[in-house]
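Small disclaimer: the values here were computed from a predicted structure and weren't measured.
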Amino acid sequence: MELKTKAAYVAVLLACSLSLIAPSEAVTCYKCNSALESGCSDPFKSSGIETCTGTTCAKSFASAGGQTVVARDCMPVPPPKDECKEYSVSGVTSTVCTCASNYCNSAKTIIPSAWLLAVVGVLSLSAAIRN
């Protein structure tokens, strides 16, 4: 399987696999895949991009062999909070970001949760102290 196709498959699979939580209020999101639509990658161009309705918007990035695929979609589950999680499957590194406001998956990045910022801050401080 071609790396770009494999990355697209993993990105969509990871976004869909997050759909195991009870539903809540509906939001409108963008739905596209940069392997099929050039406007879907960053910088994002919403003109002509399909929308969908769910309880969570998702944006995923999958990289393999120097190629990155961006997928945006709706999910029928609420996220615990606006967050991004990184996964690695079969040599493909993926980041899945979820959010719960209208069109929030149009952003280049979704603001990570406070605990993630705290962890990064502690690691940066610890690295600075060692040097």
Side-chain angles (χ1 to χ4, degrees):
M1 185 180 328
E2 184 182 320
L3 286 177
K4 191 169 186 177
T5 303
K6 188 176 180 180
Y9 176 73
V10 170
V12 170
L13 181 65
L14 285 172
C16 291
S17 70
L18 295 175
S19 60
L20 303 172
I21 306 170
S24 70
E25 195 172 323
V27 294
T28 303
C29 314
Y30 289 107
K31 178 179 178 138
C32 59
N33 184 318
S34 67
L36 305 172
E37 302 159 274
S38 62
C40 191
S41 53
D42 290 317
F44 180 62
K45 297 176 185 86
S46 63
S47 177
I49 298 292
E50 183 180 345
T51 60
C52 55
T53 302
T55 54
T56 300
C57 296
K59 179 180 177 186
S60 57
F61 310 83
S63 298
Q67 297 181 355
T68 299
V69 174
V70 177
R72 300 168 201 269
D73 208 344
C74 290
M75 296 174 18
V77 299
K81 56 189 158 268
D82 291 359
E83 65 181 359
C84 296
K85 292 187 178 183
E86 191 169 296
Y87 303 90
S88 186
V89 179
S90 301
V92 177
T93 301
S94 300
T95 302
V96 178
C97 299
T98 56
C99 54
S101 59
N102 288 329
Y103 303 108
C104 60
N105 64 342
S106 66
K108 184 169 178 138
T109 58
I110 296 172
I111 298 171
S113 60
W115 72 265
L116 181 58
L117 291 174
V119 168
V120 170
V122 168
L123 291 175
S124 297
L125 182 60
S126 129
I129 290 171
R130 278 189 253 157
N131 290 333

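- A donor-acceptor pair under 3.5 Å links the side-chain atoms of Asn105 to the main chain of Tyr30, judged by distance alone.
- Heavy-atom minimum distance, Arg72 versus Ser41: NH2-O, 3.8 Å.
- In this structure, OG on Ser106 lies 13.5 Å from NZ on Lys45, to the nearest 0.5 angstrom.
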Does the pair Cys57 and Cys74 meet the rule for a disulfide bond (SG atoms under 2.5 Å apart), with working shown?
-> CA-CA 5 Å; Cys57 296; Cys74 290; 5.5 Å; no
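- Judged by distance alone, the side chain of Asn102 and the main-chain N or O of Thr28 form a donor-acceptor pair under 3.5 Å.
- The backbone N or O of Ala71 lies less than 3.5 Å from no partner atom in the side chain of Asn33, so there is not a single donor-acceptor pair.
- Closest non-hydrogen pair, Ala58 versus Met75, comes out as CB-SD, 3.5 Å.
- Hydrophobic clustering (ILVMFWY, side-chain heavy atoms < 4.5 Å, transitive): Tyr103 and Ile49 are in one cluster.
- Applying the ring-ring contact (aromatic ring centres under 6.0 Å, His included) test to every pair with at least one member in residues 64-85, sequence neighbours left out, gives no pairs at all.
- Atom NZ of Lys85 sits about 11.5 Å away from atom SG of Cys97, to the nearest 0.5 Å.
- With Lys59 as the fixed residue, the side-chain contact (heavy atoms from CB on, under 4.5 Å) test singles out one of Thr95, Val96, Asp42: Asp42.
- Proximity of a side-chain donor or acceptor of Ser34 to a complementary backbone N or O of Val70 within less than 3.5 Å is detected.
- When all heavy atoms of Thr93 and Ser88 are compared, the closest pair comes out as OG1-OG, 4.3 Å.
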Next item on the list: Decide yes or no on disulfide bond (SG atoms under 2.5 Å apart) for Cys29 and Cys52, but give the supporting numbers first.
Entry: CA-CA 5 Å; Cys29 314; Cys52 55; 5.0 Å; no
